[in-house]
Amino acid sequence: MANRQRMIAGNWKMYKTRQQAQVFIKELTQTLASANIELAKDGAAQAVLCAPFTALFGLSEALKPLSVGVGAQNMHQANEGAYTGEVSAEMLLDLGCEYVILGHSERRAYFAETDDAVAAKTVVALQKGLVPIVCVGETLEERENDKTSAVIRTQLGAVLQALQDESVQQAVASGAWVIAYEPVWAIGTGKSSSADDAQQVIGLIRSLITETFGQSVGQAVRILYGGSVKPENIATYLAQQDIDGALVGGASLQAASYTALLEQSAR
Ligand code: 13P
């Protein structure tokens, strides 16, 4: 069985000024030390924090001593141009970002982000050397109407098709991309998916990746669960064979709870 490094990615959403981020880092330094967690060590989970654009400046330097990677929560697919209010992959790299969340359900729902746009952004992220964390997931209504697999197939299908582009074959084969399954009804509601249900959908995601790119890519790509993940419930997800970690909103905002998630994710 593949031995994928676990990943605990925090999505700060529209929380934390630069000053609040600095306070968080100070606290994280202490909580990691008291929990005796060294993230650079073998067996530790890969820690990533995806901050608002405005908090990114200086963040990767500040988090480097802790071996925590930095990501953004969105980007535009063009290299540059007249796209008021948007930020490019190059700009994120310039700020030390290594990761970028793409297609979060809040972007899809409130900012009309389409499957095609998410797919295009994923290709550009890989071309530029960013690790995309691509989000997919169904709404409550879709789940109640037994549409979960169909929604996943559509959302992921657009991305997998785009990833067949010649320009990203090496990056795709290296497995340096991440999918996050986040059922919309579980986000910020305290109503997390059961671990069995999450495994079922994530197993489907892995099989679709395997169908498209073969066994070795299918086994290399990390797939996260997201939606009301807390220190109290993360172990049940990590016990599932295809779940490689979590994309965490609320519980990533406090150093103590983020540390507790990392503590439980060490192998
Ligand atoms: P919560 O962990 O707050 O439910 O948020 C999940 C999420 O949307 C992470 O991207």
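When a ligand or atom number is given, it counts from 1 through the structure's own listing order.
- A search for side chain to side chain donor-acceptor pair (under 3.5 Å) contacts involving T31 returns T259, not counting sequence neighbours.
- Near ligand 1, heavy-atom contacts under 4.0 Å come from N11, K13, H104, E182, A186, I187, G188, G227, S228, L247, V248, G249, G250.
- With a 6.0 Å radius and a threshold of 12 heavy atoms from other residues, nucleotides or ligands, Q161 has its CD atom at or below the threshold.
- The closest donor-acceptor contact from the side chain of Q169 to the backbone of Q164 lies under 3.5 Å.
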Contacts table for residues 242-253: side-chain donor-acceptor under 3.5 angstrom, sequence neighbours left out:
from, atom 1, to, atom 2, distance (Å)
D242, OD1, R206, NE, 2.7
D242, OD2, Q199, NE2, 2.8
D244, OD1, R4, NE, 2.8
D244, OD1, R4, NH2, 3.3
D244, OD2, R4, NE, 2.9
D244, OD2, R206, NH2, 2.8
D244, OD2, I223, N, 3.0
S252, OG, V248, O, 3.2
S252, OG, G249, O, 2.8

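- Scanning both residues, G103 and E113, for their nearest heavy atoms gives N-OE2, 3.6 Å.
- Within the structure, ring-ring contact (aromatic ring centres under 6.0 Å, His included) contacts touching residues 232-267 (residues at least two apart or in different chains) are Y225-Y237.
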